[in-house]
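For clarity, every value in this text was computed on a predicted model and none was experimentally measured.
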Amino acid sequence: MLDVTAADEIADDARVRSNVVRLAAAQALTGANSAVIFATGAIVGATLAPDISFATVPISMYVVGLAAGTLPTGAISRRFGRRVAFVIGTGLGTLTGLAGSFAILHGSFALFCLATFLGGLYGAVAQSYRFAAADGASAAYRPKAVSWVMAGGVFAGVLGPQLVQWTMDVWQPYLFAFSFLVQAAVALVATGIVAGVDMPKPGPADLHGGRPLLTIVSQPRFVAAALCGVISYPMMNLVMTSAPLAMKLCGLSVSDSNFGIQWHIVAMYGPSFFTGALIARFGAPGIVAAGLLLEAGAAGIGLSGLTAMHFWATLIVLGIGWNFSFIGASALVLETHRPQERNKVQAFNDFLVFGMMAIGSFSSGQLLANYGWSAVNMVVFPPVVLGLIVLSLVSWARRRKARLDAAMGEFPDAV
């Protein structure tokens, strides 16, 4: 852990905890935005696209929006404060719903892709909620703050798919058109919540202080954290993106896919109530490794059958694995930078994660259409093995250095 001043270590508990509650609520409402897109994107895409192989392009555009929005979110937060970035994000969420509904009503594939891209920009802002919760928190409380904000996504797992279920047939024959209009209203509610977040205004140190970015990101600890995030999120997205369309191709109903996505999102965020405590108890690297292994296990379940139960089990285990690996990787990132470096380092980390996710997302539709559901699951295994190897090497090197430092402290004459 990097050395920080005593003032940096003292948390303003009242402010931090109040922010955690608000950010958890905002996370829930933002998660409903992504849940609507993931539950409907491939199905609407298959209806509007000129060819079924382009069915997952709208979801890929969402991921492109995630990648494109990370660095601007960091820059806006650094210059004007996090709250300004949050309000801009929820405004983009409202535009997402309005544009998505209009696109479905007018049968425009290009406009629907634009709508999901705007949704990705909204999602990029929301990804900074977990880091914002740690601002001003003590080192011991930071993993718990991150974890509790992510726990807000449990509500999204219920709200998003149920929102789709209740509204998808309202404007017949325009399936899901009303769902996106309601999603716009949910984003408006989120605006009121994030407007009350109490974030410290950027100071001169936030604008000009800290080490060069290259120095920070070249640390082995950061490399391992970023690589595990790059593996964890894109692999989860690859399987989740393909699952609704794969279920449809297997003759399962939209209700079956909605149910699977709903419990997948609950599984993504539900463990957050205790993930922070697990990280404090066993360390972030161990939790990341457990998460990667669970993602591999989910792919194994996906290869074992094509019933609704197989799809549901795949999505649930995948969600738990993502929770452990992604929150654990986020906690590792928090250990690699100083307070004045947070915005640029966190934004760069998310840019790496979602940039790679965008590249991989475009291949998911082609992979599913040309090679099938089994190929989608097979792709998960090699990156997971790579992540486990790198994480093990970095953790071993860190423990070895700690032992050597302790030995030198006991035997200074050996230096």
Side-chain angles (χ1 to χ4, degrees), residues 7-8 10-34 65-66 68-97 118-138 141-142 144-153 155-156 184-210 330 333-334 337-351 354:
D8 291 327
I10 297 174
D12 179 352
D13 285 342
R15 181 181 65 80
V16 170
R17 292 179 188 278
S18 174
N19 284 341
V20 166
V21 171
R22 283 186 171 273
L23 291 170
Q27 180 72 50
L29 298 177
T30 304
N33 166 78
S34 60
L66 277 174
T70 51
L71 294 181
T73 296
I76 292 170
S77 299
R78 199 175 179 201
R79 179 67 180 85
F80 301 105
R82 291 199 191 264
R83 184 165 52 190
V84 172
F86 295 165
V87 171
I88 291 173
T90 54
L92 291 169
T94 303
L95 288 177
T96 297
L118 293 173
L121 295 178
Y122 178 25
V125 175
Q127 287 298 326
S128 67
Y129 293 169
R130 71 191 195 278
F131 288 130
D135 287 357
S138 64
Y141 186 66
R142 285 171 200 156
K144 294 180 181 178
V146 172
S147 185
W148 276 97
V149 168
M150 297 296 285
F155 183 68
V186 171
L188 277 177
V189 175
T191 301
I193 292 174
V194 298
V197 172
D198 182 11
M199 292 277 104
K201 293 184 186 249
D206 292 314
L207 295 174
H208 308 292
S330 299
V333 170
L334 292 174
H337 63 74
R338 297 166 183 162
Q340 66 268 31
E341 300 162 348
R342 59 180 178 262
N343 286 318
K344 63 182 178 183
V345 175
Q346 294 163 8
F348 182 74
N349 173 75
D350 282 354
F351 175 74
F354 299 117

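Side-chain contact check for Tyr122 versus Ser34: every heavy-atom pair is 4.5 Å or farther apart. Between Ile88 and Val84, some side-chain heavy-atom pair lies under the 4.5 Å cut-off. Within the 4.5 Å cutoff, no side-chain heavy atoms of Ser128 are placed close to those of Gln346.
Scanning both residues, Gly74 and Ala347, for their nearest heavy atoms gives CA-CB, 3.8 Å. Nearest approach of Gly65 to Ala124, heavy atoms of both residues: O-CB, 4.1 Å. Contact between Arg22 and Ile193 at its shortest, heavy atoms only, is NH1-O, 2.8 Å. Taking every heavy atom of both residues into account, Gly97 and Ala184 meet most closely at CA-CB, 3.9 Å.
The OG1 atom of Thr73 sits 9.0 Å away from atom CZ of Phe86, with the distance rounded to the nearest 0.5 Å. Arg83 CZ to Asn19 CG: the interatomic distance, rounded to the nearest 0.5 Å, is 9.5 Å. For the atom pair CG of Leu92 and CG of Leu118, the computed distance is 6.0 Å after rounding to the nearest 0.5 Å. In this structure, CD on Gln127 lies 9.5 Å from OG1 on Thr70, to the nearest 0.5 angstrom.
Thr191 contributes a side-chain N or O that, together with a main-chain N or O of Ala187, makes up a donor-acceptor pair within less than 3.5 Å. Within the 3.5 Å criterion, the main-chain N or O of Val87 finds a donor-acceptor partner in the side chain of Thr90.
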